[in-house]
**Student:** 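Have a look at this one.
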Amino acid sequence: MAPLSLPGICKLLRRLGLRYKRGRRHLHSPDPAYDTKLRVIQLARHLADWNPERYAVLYEDEITYYRRPAVARAYAPRGPHAVLAEQGIGANRRGRIAGSLDTQTGLHVGWRRSHFGRWVLYDYFRAIVEAVRAERPGVRRIFVVLDNWPVHFHPELLAALADTPIRLLPLPTYAPWTNPEEKVWRLLAEQVLYQHPFATSETAWAQMHVQVQDWLDQMTHTGTALLHAVGLYPS
């Protein structure tokens, strides 16, 4: 196309059906066991559907939230003034949350901690057992579906969980769309994290923790409402 003029190139591209477009983020799971892992998870869910008093399936994930708010769309008066996400002064502190959603009852088990090492995760999984059995005392096997973060499958953690009802089922690698807990985090972002006003001081950062914890507490017992919100319609 070197000898063509710019208008000529434009006409040629239009004739070929090509347009100059902005790129979009894209993620492809390269996991060769993609289908196999999803089949195993589906079998676990069938067990829970067949006998929910004995089997439970929960989707688990962790998220990091920050002192400085994420910028997002928000309502504001008409005019030139933007909606400001005040970044504050000082270090961008962070907190961590773990959450698990029961596919049968909508129970959500959320923990807020500074970090989630293998032994914090062990305590968290034990808390899942207690929470599930508080609703269904007869549950004997709890399948926890989660991503492939190495800490999830640390040998010491797996050995410690061997004597509990917990069994970990890995999701396909780089496939966040297969984990409904990701949609719970989207609700958290929309209702708390986006454009939050807690970056201005250490006192405000402490209030941020309280806000996050209050939200987690509200999500604990929502019944089937949370299942509907994330696309896990109850059977």
**Student:** Please tell me if the side chains of Asp35 and Arg39 come closer than 4.5 Å, counting only heavy atoms from C-beta onward.
**Tutor:** yes
**Student:** Given side chains that start at C-beta, do those of Glu156 and Trp119 come closer than 4.5 Å, heavy atoms only?
**Tutor:** yes
**Student:** Under the side-chain contact (heavy atoms from CB on, under 4.5 Å) criterion, do Phe125 and Ile142 qualify, and how do the steps go?
**Tutor:** CA-CA 10 Å; Phe125 289 138; Ile142 300 174; over 6 Å; no
**Student:** Measure across Leu169 and Ala44 and return the closest heavy-atom pair with its distance rounded to 0.1 Å.
**Tutor:** CD1-CB, 3.7 Å
**Student:** Does the side chain of Val139 reach to within under 4.5 Å of the side chain of Arg54, using non-hydrogen atoms?
**Tutor:** no
**Student:** Before you tell me yes or no, could you show the steps for Tyr124 and Ser100 under side chain to side chain donor-acceptor pair (under 3.5 Å), namely the whole-Å CA-CA distance, both residues' side-chain angles and the distance that decides it to 0.1 Å?
**Tutor:** CA-CA 10 Å; Tyr124 173 67; Ser100 297; 2.8 Å; yes
**Student:** Is there a donor-acceptor pair closer than 3.5 Å between any side-chain N or O of Glu190 and the backbone N or O of Leu188?
**Tutor:** no
**Student:** Write down the atom of Thr178, the atom of Tyr59, and the distance for their closest heavy-atom approach.
**Tutor:** O-CE2, 3.7 Å
**Student:** What residue pairs, at least two apart or across chains, pass ring pair (Phe, Tyr, Trp, His ring centres under 6.0 Å) with a residue in residues 159-194?
**Tutor:** none
**Student:** Is Glu202 salt-bridged to Arg93, going by a charged N under 4.0 Å from an acidic O?
**Tutor:** yes
**Student:** What distance do Arg141 atom CZ and Thr164 atom OG1 have between them, rounded to the nearest 0.5 Å?
**Tutor:** 8.0 Å
**Student:** Going by heavy atoms in the side chains, are Leu216 and Trp111 under 4.5 Å from each other?
**Tutor:** no
**Student:** How long is the span from the CG atom in Asp61 to the CG atom in Leu146, to the nearest 0.5 Å?
**Tutor:** 8.5 Å
**Student:** Say whether Val83 and Leu193 are linked into one hydrophobic cluster, either directly or through other cluster members, by side-chain heavy-atom distances under 4.5 angstrom.
**Tutor:** no
**Student:** Just so I know, are the side chains of Leu43 and Leu47 near enough to count as touching, which here means a heavy-atom distance under 4.5 Å?
**Tutor:** no
**Student:** Strictly distance-based, threshold 3.5 Å: is any side-chain N or O of Thr103 a donor or acceptor partner for the main-chain N or O of Val57?
**Tutor:** yes
**Student:** Can you see which heavy atom on Pro170 is nearest to which on Ile41, and at what distance?
**Tutor:** O-CD1, 3.9 Å
**Student:** Could you check whether atom CZ of Arg73 has more than 12 heavy atoms from other residues, nucleotides or ligands sitting under 6.0 Å from it?
**Tutor:** no
**Student:** Answer with yes or no whether the side chains of Asp214 and Gln218 bring together a donor and an acceptor at under 3.5 Å.
**Tutor:** no
**Student:** After noting the C-alpha distance and the side-chain angles of Thr36 and Leu38, does the key distance pass the side-chain contact (heavy atoms from CB on, under 4.5 Å) rule?
**Tutor:** CA-CA 5 Å; Thr36 301; Leu38 291 185; over 6 Å; no
**Student:** How long is the straight-line distance from OG1 of Thr64 back to CZ of Arg94, given to the nearest 0.5 Å?
**Tutor:** 5.5 Å
**Student:** Run Thr173 and Lys37 through side-chain contact (heavy atoms from CB on, under 4.5 Å) and show every step you take.
**Tutor:** CA-CA 10 Å; Thr173 56; Lys37 289 179 178 179; 4.3 Å; yes
**Student:** Can you hop from Leu107 to Ile97 via hydrophobic side chains spaced under 4.5 Å?
**Tutor:** no
**Student:** Can Glu60 and Asn179 be counted as having a side-chain donor-acceptor contact under 3.5 angstrom?
**Tutor:** no
**Student:** With a 4.5 Å cut-off on side-chain heavy-atom distances among I, L, V, M, F, W and Y, is there a chain of contacts connecting Val71 to Leu84?
**Tutor:** no
**Student:** Give a yes-or-no answer on whether the side chains of His196 and Gln211 include a donor-acceptor pair shorter than 3.5 Å.
**Tutor:** no
**Student:** Regarding His152 and Asp147, is there a side-chain donor-to-acceptor distance under 3.5 Å anywhere?
**Tutor:** yes
**Student:** Check whether more than 12 heavy atoms from other residues, nucleotides or ligands sit under 6.0 Å from atom CZ of Arg186, and answer yes or no.
**Tutor:** no
**Student:** Can you say whether the rings of Trp205 and Tyr65 are parallel (under 30°), tilted (30 to 60°) or perpendicular (over 60°)?
**Tutor:** tilted
**Student:** Quick one: are Arg96 and Glu62 in side-chain contact, heavy atoms under 4.5 Å?
**Tutor:** yes
**Student:** Kindly work out whether a path of hydrophobic side-chain contacts (I/L/V/M/F/W/Y, heavy atoms less than 4.5 Å apart) joins Leu157 to Val129.
**Tutor:** yes
**Student:** Is there a side-chain contact (heavy atoms from CB on, under 4.5 Å) between Arg67 and Phe198 once you walk through the steps?
**Tutor:** CA-CA 7 Å; Arg67 175 186 174 188; Phe198 301 111; over 6 Å; no
**Student:** Just by distance, do the side chain of Thr224 and the backbone of Leu227 share a donor-acceptor pair under 3.5 Å?
**Tutor:** no
**Student:** What's the separation between atom CD in Glu182 and atom CD1 in Ile63, rounded to the nearest 0.5 Å?
**Tutor:** 7.5 Å
**Student:** Counting neighbours of CG on Leu16 that are heavy atoms of other residues, nucleotides or ligands and sit closer than 6.0 Å, is the number greater than 12?
**Tutor:** yes
**Student:** So do Pro69 and Gln195 actually touch side chain to side chain, heavy atoms under 4.5 Å?
**Tutor:** no
**Student:** Would one find more than 12 heavy atoms of other residues, nucleotides or ligands at under 6.0 Å from atom CD1 of Ile89?
**Tutor:** no
**Student:** Just by distance, with hydrogens left out, do Tyr122 and Arg126 show a side-chain donor and acceptor under 3.5 Å apart?
**Tutor:** yes
**Student:** I'd like to know if Val151 and Leu158 are part of one continuous hydrophobic network [Ile/Leu/Val/Met/Phe/Trp/Tyr, side-chain heavy atoms within less than 4.5 Å].
**Tutor:** yes
**Student:** Looking at every heavy atom in both Gly106 and Leu226, which two are closest together, and how far apart are they?
**Tutor:** O-CD2, 4.3 Å
**Student:** For Val145, which of Val40, Leu101, Leu171, Leu168 qualifies under side-chain contact (heavy atoms from CB on, under 4.5 Å)?
**Tutor:** Leu171
**Student:** Mind checking the CG-CZ spacing from Asp123 to Arg118? Nearest 0.5 Å is all I need.
**Tutor:** 12.5 Å
**Student:** Which atom pair, heavy atoms only, marks the closest approach of Pro172 to Ser29?
**Tutor:** CB-OG, 4.0 Å
**Student:** Using a strict cut-off of less than 4.0 Å between a Lys/Arg side-chain nitrogen and an Asp/Glu carboxylate oxygen, indicate whether Arg136 and Asp102 qualify as a salt bridge.
**Tutor:** yes
**Student:** Side chain to side chain donor-acceptor pair (under 3.5 Å), that's the test. Do Gln104 and Asp49 meet it? Break it down for me.
**Tutor:** CA-CA 8 Å; Gln104 289 292 317; Asp49 290 339; 2.6 Å; yes
**Student:** For Thr200 and Ala204, work out which heavy atoms get closest and say how close.
**Tutor:** OG1-CB, 3.6 Å
**Student:** In Å, rounded to the nearest 0.5 Å, how long is the span from OG of Ser114 to NE2 of His209?
**Tutor:** 9.0 Å
